[in-house]
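Notes for the one structure printed next.
Since the structure is predicted, the reported quantities are computational estimates derived from the model, not experimental observations.
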Amino acid sequence: MACVPAAAYAEKADRDKPFNIEADSLVHDELKQISVFKGRAVLTKGSMQMRGDRIEIRQDPDGYQFGLILPEPNKRSFFRQKREGVDEFIEGEALRIDYDGRADQVILNDQAEVRRYRGAVLADQWAGKRIVYNNLSELFTIDGQKAGETGKPTGGRVRATLAPRSTTTDNK
């Protein structure tokens, strides 16, 4: 397991924004507080954007929202969010993306990959079985372990490419 400190928080204003979702269809269960969007679903919440074939949103009794994003067959779900106070974006892809509004984190599972862009330039890249992007703690937690049939780790690896910060770019 690897922990990588992030340089800045995600956009603080995003936390108080509503979910806006577009899709081909919607089934909403008012009693259970669950909405299921299907077909080219796109979720935005401030600068955060998530895309997949299916997006499930639920709200707990305290008003916190939780999301599940699943991709089309043979594709990965997508996540992107602007970083607070800097010209940086974090984006990622995985076979399953979970959003936890209470903990303010995004969890990417299976074939997970996260990239940090400084402006339009790819700076850093991480890959693993599971990546937790926590907006509050400024940490990425990356687990490369692949579980075998017995549920025990089989020796998967975390992969990272970390670009050096340019002093001329940092001073702009």
Are [X] and [Y] packed together at the side-chain level, in the sense that at least one heavy-atom pair is separated by less than 4.5 angstrom?
| X | Y | answer |
| --- | --- | --- |
| Met50 | Ile97 | yes |
| Val158 | Trp126 | no |
| Gln33 | Arg58 | no |

Checklist entry - Passes ring pair (Phe, Tyr, Trp, His ring centres under 6.0 Å), Phe79 versus Tyr133? Steps please. => result CA-CA 11 Å; Phe79 160 78; Tyr133 170 56; 5.6 Å; yes
How long is the span from the [atom1] atom in [X] to the [atom2] atom in [Y], to the nearest 0.5 Å?
| X | Y | atom1 | atom2 | answer |
| --- | --- | --- | --- | --- |
| Gln111 | Leu95 | CD | CG | 4.0 Å |
| Ser47 | Gln81 | OG | CD | 4.5 Å |
| Ile34 | Asp29 | CD1 | CG | 6.5 Å |
| Asp53 | Ser77 | CG | OG | 8.5 Å |
| Leu43 | Ile55 | CG | CD1 | 5.0 Å |

Path from [X] to [Y] over hydrophobic side-chain contacts below 4.5 Å:
| X | Y | value |
| --- | --- | --- |
| Leu162 | Val114 | yes |
| Ile21 | Ile69 | yes |
| Phe37 | Leu68 | no |
| Leu108 | Phe66 | no |
| Leu70 | Met48 | no |

Item to check | Intermediate values then yes/no, ring pair (Phe, Tyr, Trp, His ring centres under 6.0 Å), Phe89 and Tyr117 | outcome: CA-CA 5 Å; Phe89 287 86; Tyr117 288 88; 8.3 Å; no
Checklist entry - Who are the salt bridge (Lys or Arg N to Asp or Glu O under 4.0 Å) partners of Arg115, not counting sequence neighbours? => result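 For Arg115 the salt bridge (Lys or Arg N to Asp or Glu O under 4.0 Å) partners, ignoring immediate neighbours, are Glu91, Glu93, Glu113.
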Checklist entry - How would you list, by chain and number, every residue that makes a salt bridge (Lys or Arg N to Asp or Glu O under 4.0 Å) with Asp124, sequence neighbours excluded? => result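 Residues passing salt bridge (Lys or Arg N to Asp or Glu O under 4.0 Å) with Asp124: Arg116, Arg118.
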Taking only residues two or more places apart in sequence, or in another chain, which ones meet [X] in a side-chain contact (heavy atoms from CB on, under 4.5 Å)?
| X | value |
| --- | --- |
| Gln49 | Val42, Thr44, Arg51, Phe78 |
| Arg40 | Asp24 |
| Ile107 | Asp98, Gln105, Asn109, Arg130, Val132 |

Next on the checklist: Please list all pairs meeting side chain to side chain donor-acceptor pair (under 3.5 Å) that have one or both residues in residues 62-72, counting only residues at least two apart or in different chains.
Outcome noted: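 Pairs touching residues 62-72 that pass the test: Asp62-Arg102.
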Next on the checklist: The test is salt bridge (Lys or Arg N to Asp or Glu O under 4.0 Å); show your working for Arg54 and Glu56 and say whether it passes.
Outcome noted: CA-CA 7 Å; Arg54 177 185 176 107; Glu56 297 178 18; 2.6 Å; yes
Checklist entry - Of all heavy-atom pairs between Ala112 and Ala94, which one has the smallest distance, and what is that distance? => result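 For Ala112 versus Ala94, the nearest heavy atoms are CA-CB, 4.0 Å.
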Item to check | Side-chain donor/acceptor of Lys129 to backbone N/O of Asp110, under 3.5 Å | outcome: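 Absent.
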